[in-house]
There are 2 protein chains.
Amino acid sequence: MPKSSKKELNREGLLNQGVVFFMNQGYHGTGLQEILDAVNVPKGSFYNYFSSKEEFGAAVIQHYIEPFISRLSTHLQQSGSDALGAIRRYFDELIVELEENKFKGGCLLGSLMGEIGSTSDVCQQSLQSAIARYRDLLQSGLAQAQQQGSVRTDKTPEEMADLLINTWQGALLRMQIEKSSAPVKQCCHDLLDDFFIR
Amino acid sequence: MPKSSKKELNREGLLNQGVVFFMNQGYHGTGLQEILDAVNVPKGSFYNYFSSKEEFGAAVIQHYIEPFISRLSTHLQQSGSDALGAIRRYFDELIVELEENKFKGGCLLGSLMGEIGSTSDVCQQSLQSAIARYRDLLQSGLAQAQQQGSVRTDKTPEEMADLLINTWQGALLRMQIEKSSAPVKQCCHDLLDDFFIR
DNA sequence: TCATTAAAAACGACCGGTCGTATTTTTAAA
DNA sequence: TTTAAAAATACGACCGGTCGTTTTTAATGA
């Protein structure tokens, strides 16, 4: 086995487990040891992969958002003349997975925004860029939908993308403590089937 | 000074500082010692006031929501025939204060929902009841506004109250990392000046 | 052989919580 | 009303453990 790929494999494993633990227990609620044990990486080796827990956190954030961007991007590319439908189907997919996970977790970005968004500059910047990338993609999808006539044009795509992201985040928090998918479903219905339509 | 009130005073001080620290640094990011030092209460005395950090957290949550409920309640009572205006003015007030605080903090409920909403049963229940109380009040205000003809009646007050709370929470998270009041302003405008009106 | 990297061991600081004890407050009997 | 017993509170030292990080040693590759 090539040595360089094993290191990359370990790094990937750390990031994956970082997502899981940070999501379930929060940033300060998760010790490096837990993550390291889950990937069988010695504690002393951690700093060969990341320079600090904070930098690790920032990397986890970027690692977390990637699949969401690529999935939404795929949906948008597939459905040529129905961008709004693509967005609907994308969120419906997410809701199904949330239900499968019994409403544990929610969104790592939302949780970390509240926990360390104001205290860690490094993570704050990572959160900023992650959300900006996500927002830009959603915005382009809504712009498509506007051109296709399925979404109101008296609001900018940016405004609607921000509103959708923010409401989704709030609904995810709510879902966690209500242990119900009603908030996220309501969120999608209110915005995608009503407010965004004119 | 009556001695019995000193205990109540200490307890109150602990709760107040608990709100501040939990909001700025999160639950796991805040040590009891920090809070105790801020109120000049010895470590050993803490457990005369609260049985554990977790129970303390649950109490802090209830302590936090109280002023918001009474403030919104006051606004609703004052403006007899303009419940929607009362809600608008209430949130406008909050926005001003958020700007004064330079967007540090946000909402304790939102932060704690993400951080410990899934791990601490005690705090989860406290969050549930706090939000339910807040939601019920907002719901009654929206119902008034419906009867007054200023809010659409094809959606239930409960649905709109939930949507407003969730969007507000998400916007507060967003505000923290963007260091701008634009998200919360947008949230109020989109819902209170558009979506709720028909 | 000698740099470079992985891993083990150790670091001090701090965590939430407990302990014994001193002091105060409450209760109830005298 | 006084007094004794009991319950509650105040307090700081201290518990075992874990935190994130650093230093030191072992292994590896050129």
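- Here C/dG17 presents its P atom at 12 Å from CD1 of B/Ile35, a figure rounded to the nearest Å.
- When the P atom of D/dT18 is taken as reference, atom CD of A/Gln25 falls 13 Å away, rounded to whole Å.
- In this structure, B/Asn40 atom CG and D/dT9 atom C1' are separated by 17 Å, rounded to whole Å.
- What you find for B/Gly29 and B/Glu115 is that their closest heavy atoms are N-OE2, 4.3 Å.
- Picking from C/dG16, C/dA7, D/dA10 the nucleotide with the shortest atom distance to the side chain of B/Asn48 gives D/dA10.
- Using modelled atom types and a 3.5 Å distance limit, the side chains of B/Asp37 and B/Gln33 yield a donor-acceptor pair.
- We find that CG of B/Leu32 is positioned 16 Å from P of D/dG12, with the value rounded to whole Å.
- Look at B/Lys43 and you won't find any side-chain N or O under 4.0 angstrom from OP1 or OP2 of D/dG12.
- Side chains of A/Gln146 and A/Thr153: a donor-acceptor N/O pair is absent below 3.5 angstrom, by distance only.
- Atom NE2 in A/His28 sits about 14 Å away from atom P in C/dC14, given to the nearest Å.
- In this structure, A/Tyr47 places its OH atom 14 Å from C1' of C/dA10, rounding to the nearest Å.
- Taking atom CD on B/Gln33 and atom P on D/dA13, their separation rounds to 11 Å, with Å as the unit.
- Summary of the strand contacts: A/Gly44 and A/Gly29 both lie near DNA chain D, and taking for each the nucleotide with the nearest heavy atom, the more 5' one is attributed to A/Gly29.
- The minimum heavy-atom distance linking B/Ala86 with B/Ser79 is given by the pair CB-OG, 3.0 Å.
- Phosphate contact (OP1/OP2 of C/dA7, side-chain N/O of A/Ser45, threshold under 4.0 Å): present.
- In this entry the distance linking NZ of B/Lys53 with P of C/dT18 reads 15 Å, nearest Å.
- Looking at which nucleotide of DNA chain D each of A/Gly31 and A/Ser51 is closest to, the 5′-most match is held by A/Gly31.
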